[in-house]
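Note: hydrogens, waters and symmetry copies are ignored here, and every other heavy atom, side chains too, is used.
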Amino acid sequence: MAMALKAVHVCDVPNLDQVPENAALALCSARFRAGVNDDKICECNIPKFLVVGHRGNGMNMLQSPDPRMKSIKENSILSFNEAAKFSIDFIEFDVQVTKDDYPVIYHDNFVLHEEKGVIVENRVTELALAEFLSYGPQKHPGSEGKPLYRKTKDGRFFEWKVEKDAPLCTLEEAFHNVDQSVGFNVELKFDDSIVYKEEELSRILEAILKVVFENAKGRQILFSSFQPDAARLIRKLQSTYPVYFLTNGGSEIYTDIRRNSLEEAIKLCLENGLQGIVSEVKAVFRNPGAVGRIKESKLSLMTYGQLNNVPEVAYMQHLMGVEGVIVDLVKEISESVSDLTHAKEGEEKSMYGEEDGKKEGKAKPQFSKDELSFLLKLIPELMIQA
């Protein structure tokens, strides 16, 4: 069951047992690495801890009682630019390729609409661009698109109604119309139920790369995918931008064993020169030792998932050495992370070991042991509820 997550500050809770001194791992540099097979570092100007807007300003959960989850149409230019107003580094969005080879931004495998009282499903990759763009609000005044619907995991259908609706868009339109200050985390989206041949994957990836290379113009880009062969191939096809492997870390089991654990994710990255892993956050908390192994492998680590909408959970990952979080509550988490990483500045040693601001760089914030103890006990409870 999805739950509405609200920010609760640790200073507002009672003291609990003290936390062991080694509860948090040493903070690690968050530069994007070029992969273990390369000597160079990717040319990305990356801050110490990334906040990434999920599908822009947050995904839509039409069944959620939380109005923030249905405020702005996800994966739209409007949502991307709304997210860019806050102190974030990247927006994440899902890219698929239409049957006439146009990369479009859309999460679900199927576009749903109603015809004569019946919900009809059309696979995104089997639509031509013009037909894909005919759904939802239209760009031109006076034009009316086909209303969109969405299907939940439990099989319910909801008309896709949000407070601020917006047209569907292509990847090229995003490059032209989204604030240049924000980077793009381009998720290469594939259907888990389809076994793709390498030539088909290459055709799709080359269509995406063509748009990226023609339009990036200095914008920070990173690629990610749950599809192991897509991640491997996009790395093979280009070395300009970092590639991350997405994994839920074993919370679901797939026939492809490369998807079934953080250990398999590490192995995939090392064998194919990928730069890092984006894991479901609960997998990291269930297996915190994997963070150290990922660091030892010279890979970067980010996370996604609803728990990342809790500020203290995001900051606990900062202490563990996780290098970024993908979040839905962009305003709340970006502000909280900024507050936390500026906390007690000048009152403690900086990450360089200097005092009193003698060296540039923000001081590393600290929770008390009681507060950290609360976090360590709170996170498992949240994992059960999420």
Side-chain angles (χ1 to χ4, degrees), residues 24-35 41-59 80 83-84 86-93 181-187 219-226 231 241-249 262 265-266 269 274-285 288 290-292 294-295 297-342 351 362 364-365 379:
L25 301 177
L27 198 60
C28 178
S29 169
R31 292 183 299 173
F32 282 135
R33 298 166 176 84
I41 298 295
C42 288
E43 295 296 327
C44 298
N45 180 22
I46 303 299
K48 288 295 183 287
F49 189 71
L50 294 174
V51 177
V52 181
H54 187 210
R55 305 181 200 173
N57 200 48
M59 70 174 177
F80 300 154
F86 304 104
S87 180
I88 66 168
D89 307 288
F90 283 79
I91 52 171
E92 178 272 352
F93 52 74
S181 68
V182 68
F184 285 177
N185 173 186
V186 179
E187 181 183 336
R219 189 189 297 270
Q220 293 180 1
I221 307 290
L222 69 89
F223 293 109
S224 62
S225 185
F226 284 102
Y241 302 113
V243 180
Y244 280 49
F245 180 54
L246 275 159
T247 180
N248 61 28
L262 286 172
I266 294 170
C269 290
L274 307 187
Q275 284 70 40
I277 295 167
V278 183
S279 172
E280 212 287 331
V281 59
K282 288 185 284 187
V284 171
F285 285 122
V291 178
I294 290 168
K295 299 302 176 186
S297 301
K298 298 182 179 179
L299 298 170
S300 295
L301 174 64
M302 299 196 297
T303 66
Y304 72 92
Q306 287 191 23
L307 277 180
N308 283 350
N309 294 319
V310 178
E312 288 77 21
V313 172
Y315 185 64
M316 177 59 78
Q317 293 175 76
H318 178 56
L319 293 178
M320 293 172 68
V322 174
E323 296 170 342
V325 288
I326 299 174
V327 305
D328 295 299
L329 304 183
V330 172
K331 178 180 184 295
E332 292 85 344
I333 302 305
S334 63
E335 291 176 352
S336 296
V337 166
S338 178
D339 290 344
L340 287 169
T341 54
H342 285 78
M351 63 190 300
K362 296 180 176 61
K364 178 179 172 183
I379 288 167

Which heavy atom of [X] sits nearest to which heavy atom of [Y], and what is that distance?
| X | Y | value |
| --- | --- | --- |
| Leu307 | Lys282 | CD1-CG, 3.6 Å |
| Ile91 | Gly56 | CG2-CA, 4.2 Å |
| Arg219 | Gly183 | CG-CA, 4.2 Å |
| Ile277 | Cys269 | CG1-SG, 3.7 Å |
| Ile294 | Ser300 | CG2-O, 4.0 Å |
| Ala265 | Thr247 | CB-CG2, 4.1 Å |

Separation between [atom1] of [X] and [atom2] of [Y], rounded to the nearest 0.5 Å:
| X | Y | atom1 | atom2 | result |
| --- | --- | --- | --- | --- |
| Glu280 | Gln306 | CD | CD | 9.0 Å |
| Leu329 | Asn57 | CG | CG | 9.0 Å |
| Ser87 | Ile333 | OG | CD1 | 13.0 Å |
| Ser279 | Phe245 | OG | CZ | 10.5 Å |
| Asn185 | Met302 | CG | CE | 5.5 Å |
| Leu274 | Phe223 | CG | CZ | 12.5 Å |

How about [X] and [Y]: do any of their side-chain heavy atoms sit closer than 4.5 Å?
| X | Y | answer |
| --- | --- | --- |
| Glu92 | Tyr304 | no |
| Leu50 | Phe90 | yes |
| Tyr315 | Glu312 | no |
| Asn308 | Gln317 | yes |

Of Glu187, His54, Met59, the residue whose pairing with Ile326 passes side chain to side chain contact (heavy atoms under 4.5 Å, CB included)
His54
Contacts of Phe184 meeting ring pair (Phe, Tyr, Trp, His ring centres under 6.0 Å) (sequence neighbours excluded), chain-then-number -> Phe93, Phe175
Phe86: what forms a ring pair (Phe, Tyr, Trp, His ring centres under 6.0 Å) with it, not counting sequence neighbours?
none
Quiz question: by atom type and distance under 3.5 Å, do the side chains of Gln220 and Asp89 form a donor-acceptor pair?
no
